[in-house]
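Working notes, beginning with the structure itself.
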Amino acid sequence: MKELYREYKNTDYQQCEELVNSAWSFDEIFKPKALSSLAKLIYTKGSIVGSNYKSVVEIDGEVVGLIFGLNENFKKPRKDILFNLQILFNLIFVKSITPDKKTLLNAMSTHEKNKSQIVDNNRSEIVLFVIDKKHQGKGYGKKLWLGFRDFCIKSHVTSIVVETNKLEASTFYEQIGFNHLEDFDSPLHEFATKDGQACIYVFQYG
């Protein structure tokens, strides 16, 4: 079995979007397919656009994990006008059923507002971190994390935050050295996980 850690390439996008969908079940949560596609685009492509560190792990030629992050002391990501236009185009033509697109947009707005009361948007952060369920528990996630951590340490970042759900990934983050910072209300987490609680964890050093 060939294990390869490397930088994200544009040709990886579809596999990364599938990993995101598998982790958060967007196809089940959002109907019809057009709304699900919009949610996956916002979450996956939006994370890529907002990150200046993008790495994947590939097993036998298949991307099975990814970490996208923001290093506050590194060159900031450029605004992607084409991405914004793509989102706008999809919003106009999506005829949504459950939940409707207005509910989705309101949920995103509430999520960002409540999160920003705890951490600044420009703070170093794990923006998106996914390991295929079939490949969890094999150390791939820890190696991806260490790559991002070392990237931040070299540029003198002293802390890294991550948004997660207490019912799902909090144990993993505690195992790799993160500490719980604060909970916040998020309709997005409520969509994805029944009784899910959104929270912020922080890793500090230096």
Side-chain angles (χ1 to χ4, degrees), residues 5 7-8 16-17 19-26 39-40 42-57 64-74 76-77 107-108 110-133 135-193 196-206:
Y5 295 84
E7 288 186 13
Y8 166 84
C16 290
E17 187 178 88
L19 286 174
V20 167
N21 185 51
S22 176
W24 286 284
S25 305
F26 284 147
K40 288 182 283 189
I42 291 172
Y43 207 74
T44 311
K45 185 68 176 293
S47 296
I48 293 170
V49 169
S51 299
N52 53 20
Y53 181 91
K54 290 164 276 194
S55 182
V56 302
V57 55
V64 301
L66 62 88
I67 186 168
F68 301 151
L70 176 67
N71 179 334
E72 65 193 73
N73 291 338
F74 200 69
K76 297 295 187 294
M108 291 173 58
T110 300
H111 173 94
E112 290 302 321
K113 179 182 177 181
N114 292 345
K115 179 182 174 183
S116 67
Q117 292 175 356
I118 304 173
V119 292
D120 185 270
N121 287 334
N122 293 317
R123 188 170 177 179
S124 295
E125 177 180 9
I126 295 176
V127 178
L128 184 59
F129 194 5
V130 186
I131 303 294
D132 187 291
K133 293 176 182 177
H135 294 278
Q136 291 177 3
K138 299 179 181 179
Y140 303 142
K142 185 175 182 180
K143 287 183 180 179
L144 283 173
W145 151 244
L146 290 175
F148 178 58
R149 184 202 66 178
D150 293 347
F151 171 67
C152 290
I153 289 175
K154 288 177 182 177
S155 60
H156 308 292
V157 170
T158 58
S159 68
I160 301 169
V161 296
V162 64
E163 169 202 328
T164 187
N165 194 299
K166 273 189 174 180
L167 294 180
E168 295 179 338
S170 59
T171 300
F172 169 76
Y173 287 112
E174 290 168 1
Q175 289 174 345
I176 61 174
F178 281 76
N179 293 302
H180 178 261
L181 180 62
E182 192 171 336
D183 295 344
F184 69 99
D185 293 331
S186 169
L188 289 179
H189 281 254
E190 292 169 10
F191 285 149
T193 307
Q197 175 60 63
C199 58
I200 301 294
Y201 272 73
V202 61
F203 178 86
Q204 293 180 305
Y205 54 90

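A quick note: this is a predicted structure, and the numbers were derived from the prediction, not measured. Any value given below was found using the heavy atoms of this structure, including those in side chains, with hydrogens, waters and symmetry copies removed.
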Could you report the tightest heavy-atom contact between [X] and [Y], atom names first, then the distance?
X	Y	answer
Gly50	Val127	O-CG2, 4.3 Å
Arg149	Ile160	CA-CD1, 4.2 Å
Pro187	Thr110	CD-CG2, 3.9 Å
Ser55	Leu144	OG-CD2, 3.8 Å
Leu19	Leu66	CD1-CD2, 4.1 Å
Thr164	Ser170	OG1-N, 4.2 Å

Item to complete: Look at the aromatic rings of Tyr43 and Phe26 and report parallel, tilted or perpendicular, splitting at 30° and 60°.
Response: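 Aromatic pair Tyr43/Phe26 classed perpendicular.
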
About how many Å separate [atom2] of [Y] and [atom1] of [X], when rounded to the nearest 0.5 Å?
X	Y	atom1	atom2	result
Ile48	Cys16	CD1	SG	6.0 Å
Glu7	Tyr53	CD	OH	8.0 Å
Gln175	Trp145	CD	CH2	14.0 Å
Thr171	Lys166	OG1	NZ	11.5 Å
Ile131	Ser22	CD1	OG	12.0 Å
Glu72	Ser159	CD	OG	6.5 Å

Worksheet item: Looking at the rings of Phe203 and Phe148, which for Trp means the six-membered one, are their centres under 6.0 Å apart?
Response: no

Fill in: Ile118/Val161 under side-chain contact (heavy atoms from CB on, under 4.5 Å): CA gap, chis, key distance, verdict
CA-CA 10 Å; Ile118 304 173; Val161 296; over 6 Å; no

With distance as the sole test, does [X] use its side chain to make a donor-acceptor pair with the main-chain N or O of [Y] at under 3.5 Å?
X	Y	answer
Gln197	Phe184	yes
Tyr201	Gly177	no
Asn114	Asp185	yes
Ser116	Lys113	yes

Side-chain heavy-atom pair [X], [Y] within 4.5 angstrom cut-off:
X	Y	answer
Ile67	Ile126	yes
Leu70	Asn52	yes
Cys199	His180	yes
Tyr140	Asp132	no
Val202	Arg123	yes

Item to complete: Begin with the C-alpha distance, continue with both residues' side-chain angles, and end with the deciding distance and a verdict on side-chain contact (heavy atoms from CB on, under 4.5 Å) for Asn21 and Glu17.
Response: CA-CA 6 Å; Asn21 185 51; Glu17 187 178 88; 5.7 Å; no

Item to complete: Go through Trp24 and Val130 one step at a time and tell me if the side-chain contact (heavy atoms from CB on, under 4.5 Å) criterion holds.
Response: CA-CA 10 Å; Trp24 286 284; Val130 186; 3.5 Å; yes

Discussion item. For Tyr173, give me all partners under ring-ring contact (aromatic ring centres under 6.0 Å, His included), at least two apart in sequence or on another chain.
Written reply: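 Only Phe178 meet the ring-ring contact (aromatic ring centres under 6.0 Å, His included) criterion with Tyr173.
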
Practice prompt. Could you please spell out the steps behind the side-chain contact (heavy atoms from CB on, under 4.5 Å) verdict for Tyr205 and Cys152?
Written response: CA-CA 11 Å; Tyr205 54 90; Cys152 290; 3.6 Å; yes

